[in-house]
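Below, read A as the first sequence line, B as the second, and so on, with proteins coming before strands; counting in each chain starts at 1.
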Number of protein chains: 4
Amino acid sequence: MASSPVASSDDKRALILEAALRVFAESGFHTSTVDKVAEVAGIAKGTVYLYFHSKNELMDELVSGRIARLTSLVEEATAQSVDELTGEAVLAALAGIVKAHFAFYSTERQFLTFLAGQIGMLGPNLSTAVLDGTQLLTARVETMLEQAMAMGKVRRATDARTMAFALMGMVHAVAYTWLMDPEPSSVDDISAEVFDMFMAGVRA
Amino acid sequence: MASSPVASSDDKRALILEAALRVFAESGFHTSTVDKVAEVAGIAKGTVYLYFHSKNELMDELVSGRIARLTSLVEEATAQSVDELTGEAVLAALAGIVKAHFAFYSTERQFLTFLAGQIGMLGPNLSTAVLDGTQLLTARVETMLEQAMAMGKVRRATDARTMAFALMGMVHAVAYTWLMDPEPSSVDDISAEVFDMFMAGVRA
Amino acid sequence: MASSPVASSDDKRALILEAALRVFAESGFHTSTVDKVAEVAGIAKGTVYLYFHSKNELMDELVSGRIARLTSLVEEATAQSVDELTGEAVLAALAGIVKAHFAFYSTERQFLTFLAGQIGMLGPNLSTAVLDGTQLLTARVETMLEQAMAMGKVRRATDARTMAFALMGMVHAVAYTWLMDPEPSSVDDISAEVFDMFMAGVRA
Amino acid sequence: MASSPVASSDDKRALILEAALRVFAESGFHTSTVDKVAEVAGIAKGTVYLYFHSKNELMDELVSGRIARLTSLVEEATAQSVDELTGEAVLAALAGIVKAHFAFYSTERQFLTFLAGQIGMLGPNLSTAVLDGTQLLTARVETMLEQAMAMGKVRRATDARTMAFALMGMVHAVAYTWLMDPEPSSVDDISAEVFDMFMAGVRA
DNA sequence: GATGAATGAGAGTTCATTCAT
DNA sequence: TATGAATGAACTCTCATTCAT
């Protein structure tokens, strides 16, 4: 009544999503109940259905919103390098993508935990969204690696596709431990470390 | 009549497990029904319970057997390097671990697809088994990297733990694409490629 | 709207219990289905589980509530004779116990029918409750008979334990017929009759 | 092969019935499985169905055979007094009925335990058999009490029907404790005690 | 006769979703 | 808008019964 009704409505949506994230992260999607989500959100069960059509939609919103944000973070990181075609710029863009991921995860610690085991059992609709996002990102990385190869910055021993997966695999796996660390290093540091490992390897 | 009855009983178990793998891989554990597993196996629902105590046990058998096999493959790969403490031996053992993973996945294509999204929502009992296996493996890799560092074979720019995760992340991610490839390269080739990438990086 | 919501919730509980009593009395516990109970109560099956955790709990409530009531009726009947240790007072207390049983059964005609065949197959948990109640009651009767013996009011030809069982056996068996009688005599009359039969025998 | 096949067949039937009695006595009818009965009998499950049509038939045989035996025991006890119409003879017959029950129970200790909680939930068919037997017996007792009344041996303070139930209630209840006693008194003693209690009461 | 693997109807229970208030 | 009691479809698991060997 006092506050704007629109803001209130958005608040309630956000409140529910937040609760859903917490609950799903803890127990997994299928094991969680709408009852529990409502309880954690401090509202009645029926109210959930005023803001979302189904339990699945909760999941959809949870995931696709984040994917969108990650995608746009990556977008920003690579946008500036679109025009310049120097090898350095491409490498910088790649480094930017890596950093964008760590930056994203650092603000979404819980989401990562949550996502860790959910992909692949989200139902075709949703996993498609996630996989599309992931594949899109990987494909973009692949393209950039090809450019880097063309410019002699990356060797051709391995095909770009495999390299792209390798890089993304490193990023995800390291991000996971990094988040578990009670005193994690800075986004800049960890990103640089991983990217350097990717570029130069670990050999002494 | 001709075939041995023992084999027949084992066959039935195997038949059900195979069906379960197919069904779980397609729909995920929670979304799959025992009815569906039975249908795919071509038997009656009750028969499943003659061979397994519960739906969960199906999952257990499916997973823990594989984990055990992967672990033993890794065991073999690293066994010979236990005594020799030369830097080369440690690196060879690491390469062996990488190769063991690809060898394992190459025989378990479907299992990988299946596992991809299941971890983390298997219920505490099972995910513990999987995570224990994974963590054990990662810990072993970490130890080996520390040895390699001590012997001057690996640089100290990054801590061993992060490196271990990075390597395993690369392996899993690359394995996934590799399996999707209709004409995948040999286990030897892909293992070498990944390990080399890890050691030497991708810089031209 | 008019009636209080609390009362409504209690009503539903009572409604279900009533239905369960009817159904269990007719078919026995194990042969009855929750579906049938719900149908008789005129509600959906799931609703039963909003008010009771399980089918067994239905039984628990049905039985233990009554046992408690019977016990408290007996309590009242014997309470006043606690201080006085005259033989007459003990006999009066015994008569009171007998009367308490008939009074109880007269308001629980259906429950008796229902209980008739259920004891002994209620599952350990519940039958324990019932048997405890029964044994407690019988033990109390035994003690009182011993007191009565000590005071010379009851002869020692038979041990008190056997007597106690005999009395309770008479009470239960007579109560059963009494309830089946379309025009039963009053609680006072039947109690007096049975107690007198116990004390004085049937010999002319 | 060696022994007569008929005897062997009867033996197997008896073996199964014995096992069923043990199992049903321990767990109750509905909670027991045919599997368990077969296991206790030391035969295969299917074999049970060669000798009995169904699990229910097991129960039928178990109960109706005993009821028949009890009835015939009572028959014997009362047969001789059919002609003589003296009061003493009637009382002796009543005493005989009481004794017949204790004699029966003394050889069927397990059966009593078993029956204790089963009546009333045997399904209409079976409980009818049991109740018919019981009612028949009670009716016979009632008739004899009427005769005894007519002959001035029993007082008319209570109607014969109630008396009959009282007597039978005493018998059943006392029999139950009596059987539980590790060193039970003789059949003759306990029968006499109960009958005397019924006739003369417990008053000093 | 004897076996025991196989069957499948049916039970108890859960929970996403609806709707009267 | 918000509620939460009510619903009923769907699931896992049991077990009496059958039948090929």
Side-chain angles (χ1 to χ4, degrees), chain A residues 1 5 8-9 12 29-39 41-58, chain B residues 1 5 8-9 11-13 16 30-39 41-58, chain C residues 1 5 8-9 11-13 16 30-39 41-58, chain D residues 1 5 8-9 12 29-39 41-58:
Chain A
M1 238 181 261
S8 163
S9 180
K12 196 68 70 82
F29 178 69
H30 280 105
T31 315
S32 304
T33 66
V34 175
D35 258 304
K36 183 70 182 171
V37 172
E39 182 199 317
I43 60 171
K45 189 197 337 204
T47 306
V48 173
Y49 287 86
L50 291 179
Y51 293 89
F52 302 91
H53 287 95
S54 69
K55 189 187 173 189
N56 275 315
E57 202 186 270
L58 272 180
Chain B
M1 235 184 261
S8 164
S9 180
D11 282 358
K12 194 67 68 82
R13 258 189 83 90
I16 295 170
H30 279 107
T31 315
S32 304
T33 68
V34 174
D35 259 309
K36 184 68 183 171
V37 171
E39 183 198 319
I43 58 172
K45 180 184 6 191
T47 305
V48 173
Y49 288 89
L50 290 180
Y51 294 88
F52 302 91
H53 287 96
S54 67
K55 188 188 175 188
N56 274 314
E57 203 187 88
L58 272 180
Chain C
M1 238 182 260
S8 165
S9 181
D11 282 357
K12 194 66 70 81
R13 256 188 84 89
I16 295 170
H30 280 106
T31 314
S32 304
T33 68
V34 175
D35 258 309
K36 183 68 181 171
V37 172
E39 184 199 318
I43 58 172
K45 182 179 12 187
T47 305
V48 172
Y49 288 88
L50 290 180
Y51 294 88
F52 302 91
H53 287 97
S54 67
K55 188 189 174 189
N56 274 314
E57 202 186 87
L58 272 180
Chain D
M1 235 185 260
S8 164
S9 180
K12 196 68 71 77
F29 178 70
H30 281 105
T31 316
S32 304
T33 67
V34 175
D35 258 304
K36 183 69 182 171
V37 171
E39 182 199 319
I43 59 171
K45 190 195 339 202
T47 305
V48 173
Y49 287 86
L50 291 179
Y51 293 88
F52 301 91
H53 286 96
S54 69
K55 187 187 175 192
N56 275 314
E57 202 186 87
L58 273 180

Legend entry - side-chain contact (heavy atoms from CB on, under 4.5 Å) partners for A:Lys45, two or more places apart: A:Val34, A:Asp35, A:Ala38
Legend entry - Rounded distance (Å) that lies between atom C1' of E:dT14 and atom CZ of C:Phe52: 18 Å
Legend entry - Bracket notation of DNA chain F in which parentheses pair within the strand, [ ] cross earlier pairs, and | pairs with another strand (Watson-Crick or G-U, under 3.5 Å): .||||||||||||||||||||
Legend entry - Nucleic acid contacts - residues 42-50 of chain A versus DNA chain F, non-hydrogen atoms under 4.0 Å: A:Ile43, A:Ala44, A:Lys45, A:Gly46, A:Thr47, A:Leu50
Legend entry - Atom pair distance, as rounded to whole Å: NE2 in D:His30 and P in E:dG10: 15 Å
Inset, instruction - Figure out the CG/C1' separation between A:Leu58 and E:dC15, and round it to whole Å. - result: 14 Å
Inset, instruction - Take atom CG of D:Asp35 and atom P of E:dG4, then tell me their distance rounded to the nearest Å. - result: 11 Å
Inset, instruction - Would you mind reading off the distance between B:Ile16 atom CD1 and E:dT7 atom P, rounded to a whole angstrom? - result: 10 Å
Legend entry - All salt bridge (Lys or Arg N to Asp or Glu O under 4.0 Å) counterparts of B:Glu39, not counting sequence neighbours: B:Lys36
Legend entry - Sugar-phosphate only, base, or nothing, as touched by D:Tyr51 at under 4.0 Å among non-hydrogen atoms: sugar-phosphate
Legend entry - Distance, rounded to the nearest Å, where C:Asn56 contributes CG and E:dA11 contributes C1': 13 Å
Inset, instruction - Among the candidates F:dT12, F:dC13, E:dT13, find the nucleotide nearest to the side-chain atoms of C:Lys55. - result: E:dT13
